[in-house]
Every structure is written in C-alpha cells, then in structure tokens.
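All values derive from a computational prediction rather than experimental measurement. Chain letters run A, B, ... following the sequence lines, proteins first, then strands; residues in each count from 1.
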Protein chains: 2
Amino acid sequence: MNIGDAARLSGLPAKTIRYYEDIGLIRPLRDTNGYRVFRENDLHKLTFLARARSLGFTIEECRTLLELYEDQNRASADVKRLAEDHLVQIDQKLTELMAMRETLSELIEACKGDHRPDCPILKGLSSVTQ
Amino acid sequence: MNIGDAARLSGLPAKTIRYYEDIGLIRPLRDTNGYRVFRENDLHKLTFLARARSLGFTIEECRTLLELYEDQNRASADVKRLAEDHLVQIDQKLTELMAMRETLSELIEACKGDHRPDCPILKGLSSVTQ
DNA sequence: GGTAGGGCTTCCCGGAGCTGGAAGGTCAAG
DNA sequence: CTTGACCTTCCAGCTCCGGGAAGCCCTACC
C-alpha cells in the first residue's frame, strides 16, 4: 500500500504521515522505487495516531501511548495515568476558555453595536476588566 | 519610561513588547542612547493588548481592535462584530474540547488501571471510538 | 578612575505540528 | 510518446513569542 492509500484509509494527510515518519512514530518499508510501503500494522498505528491526536494528545504523548500499545506487558495503570493527566490539561483549557467566554459575552451584551463610537468593549479592554 | 517599567506596569514580558514593536503594534520613541521610551499612551496600548490577548484575540484581531480604539469616529458595531466573531471561535473550541473530554473520560472510566495489560483506553484508540 | 551589577540593544534559533510549494523521479493509460 | 497522477526530498513559513549570545549603557561603590 502506498502513502496515498494509507492517507485515505487513516484519514491523515500524506504530508502528516511523512512527518510522522520523520519524527520516528512509524517506520514504513520502502519499495525498490523509493516509495513508502505501508503494511496492516503501519495502518493500525496511523489510525491509532489519528484518534489519539483528535483527543488532543500531544505528539510526545502519542509516542508513549504507541509504545504502550505495542508493549504486551504494559500495565493499564500507566495508560490510565497518562490519560488522566491529559484530562487535567483539557479541564484547565476548558476553565480558561469559559472565563474568556464569560467576560467577552458580558462586554458584547453591554455594547449597543450602532454607528456611534461609544463602546463598552473597548472601554473594558482599556480600563480594568469589569 | 524604559522597557522594564513598561513591562512591569503592563504585565507583558519585555520580549513580548519588543515583538509587538517589531510587528508594528506600538511605536515607542527612542532615547539618544537607543533605549525605547514609553509614554502614557504607549502604556495604555500595552495594557489594552495584554487584556485583548488574555481574552484570546489573535494578534491581527488586536491590531484591528487597536485601530478602532484609536479611531474617534469608529462605529461600535464594528467592534461588536469582531467580538462576536471571536466569541464564535471560542464556542467552537469549547464544543471541541467538551467532546474530547467526554470521550476521554468515558475511556478512563472503563479502564481498571491495574498491573494487567488489558486496557479499554488503548482499545478505544485502536478500534472505532466508543 | 576602575569595576561590578543590572538594564538595555540587536540578532538568531527553536518550538508544535504540521502545510505549501518547488524540482524532479515513476508509473499506468491511451 | 505523452499526459497526468502519483511519489520523492528539501526548504520555507505559519503563531507568538522565549532563550540565549554578544555587546553597549548607566549607576553605585571603593
């Protein structure tokens, strides 16, 4: 299987797949013409990576997850710990975003949005926030 | 006022302030010794920028906001539109993160987290999610 | 006057995770 | 033989800075 097929089947752009090889996440074989050759196992890893990335795991976390995935003697506790740490990151981000959302929507609410220059949004940004 | 004071008062690192000058967000004067000189107005812009950035506006959005801030003939509608667009971005990000959170916490829930290799998290990542 | 320290300057590199594009080899179809 | 779709490598750039080097400036102290 060439990179185009691997891309279609995994849902990852070919560029991304090449990048993942560059940084050592996957090691596809090479055909005599220099083309990358993807086997079933490579494809599994790619879809694994696509899913892990879509859950927001960083590349380095994905690298660790992939190692655990391949290690038949792993302890599920190690995986769980990694996932829980990541969940904490997500929750922090969520908290941050919700605070932004709150402040911003208050400012928007207060702004008439007409042709006049008076604007609580700009005021809120220039003086103390609320 | 030198960059160190401007940094302390605005809450922005000196590096960031230099960067903002580089990309033309601010234009402090220069002393004869080459040091940047910040006036009241520069400081206002810096705190404005710090607040706008903390609400998640991109640099380019900040540039526009700053222009509107300085334009005495602006229409508050223009500011409001920008803020509303940004709110949409925030909401998209929130939706995305909450979906991640949901999936991830389900997987974590299902994982015993013991010394054995069996792990629903890895299973969830390698097969279809859910 | 010399020196130690802190502050300031510019410049260049790196990071996270790709994406776009150029230049060129390969392959199957017509 | 040519066209067009693949594939290859390599280099640059995106966002928003942060780290660090090399070197000038200024004040305080001895």
Open item on the list: Once side-chain hydrogen bond (donor to acceptor under 3.5 Å, both in side chains) is applied, do any residues pair with Asp71(B), and if so which ones, sequence neighbours excluded?
Closed with: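 Here no residue qualifies.
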
- [ ] Please identify each residue that fulfils side-chain hydrogen bond (donor to acceptor under 3.5 Å, both in side chains) with Asp118(B), with sequence neighbours left out.
- [x]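 side-chain hydrogen bond (donor to acceptor under 3.5 Å, both in side chains) check on Asp118(B) returns Lys123(B).
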
Open item on the list: If the condition is ring pair (Phe, Tyr, Trp, His ring centres under 6.0 Å), which residues does Phe57(A) pass it with, not counting sequence neighbours?
Closed with: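 Ring pair (Phe, Tyr, Trp, His ring centres under 6.0 Å) check on Phe57(A) returns His86(A).
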
TODO: For Phe48(B), enumerate each residue passing the ring pair (Phe, Tyr, Trp, His ring centres under 6.0 Å) test, keeping only those at least two apart in sequence or located in another chain.
DONE: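 Applying ring pair (Phe, Tyr, Trp, His ring centres under 6.0 Å) to Phe48(B) gives Tyr69(B).
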
Open item on the list: Do Thr16(B) and Leu49(B) have side chains that approach each other closer than 4.5 Å (heavy atoms only, starting at C-beta)?
Closed with: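 They are not in contact (no side-chain heavy atoms under 4.5 Å apart), so the answer is no.
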
Task: Nearest-angstrom distance from the residue atom CD1 of Ile23(A) to P of dG17(C) - done: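 After rounding, the gap between these two atoms is 8 Å.
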
Task: Interatomic distance, Tyr19(B) OH vs dG15(C) C1' [rounded to whole Å] - done: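 My rounded result for the distance is 14 Å.
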
[X]: partners by side-chain contact (heavy atoms from CB on, under 4.5 Å), with sequence neighbours left out:
| X | answer |
| --- | --- |
| Arg27(A) | none |
| Ser54(A) | none |
| Arg53(A) | Tyr20(A), Ile59(A), Cys62(A) |
| Gln72(B) | none |

Task: Nearest-nucleotide comparison on DNA chain D, the residue closer to the 5′ end among Thr32(B) and Phe57(B) - done: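 First, find each residue's nearest nucleotide; the 5'-ward one identifies Phe57(B).
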
Task: Opening and closing nucleotides of DNA chain D in contact with chain B, under 4.0 Å to non-hydrogen atoms - done: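 Span of nucleotides near chain B: dC16(D) to dC26(D).
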
What donor-acceptor contacts under 3.5 angstrom involve side-chain atoms of residues 78-85 of chain A, with partners at least two apart or in another chain?
residue, atom, partner, partner atom, Å
Asp78(A), OD1, Arg81(A), NH1, 3.4
Asp78(A), OD1, Arg81(A), NH2, 3.3
Lys80(A), NZ, Cys111(B), O, 2.7

Task: Nucleotide-resolved protein contact map, nucleotides 1-14 of chain C, B/S/- at heavy-atom distance under 4.0 Å - done: ------BSBBB---

- [ ] To the nearest 10°, let me know how far the axis at one end of the helix from dG1(C)-dC30(D) to dG30(C)-dC1(D) is tilted from the axis at the other, five pairs an end.
- [x]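 One end's axis against the other's: 30°.
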
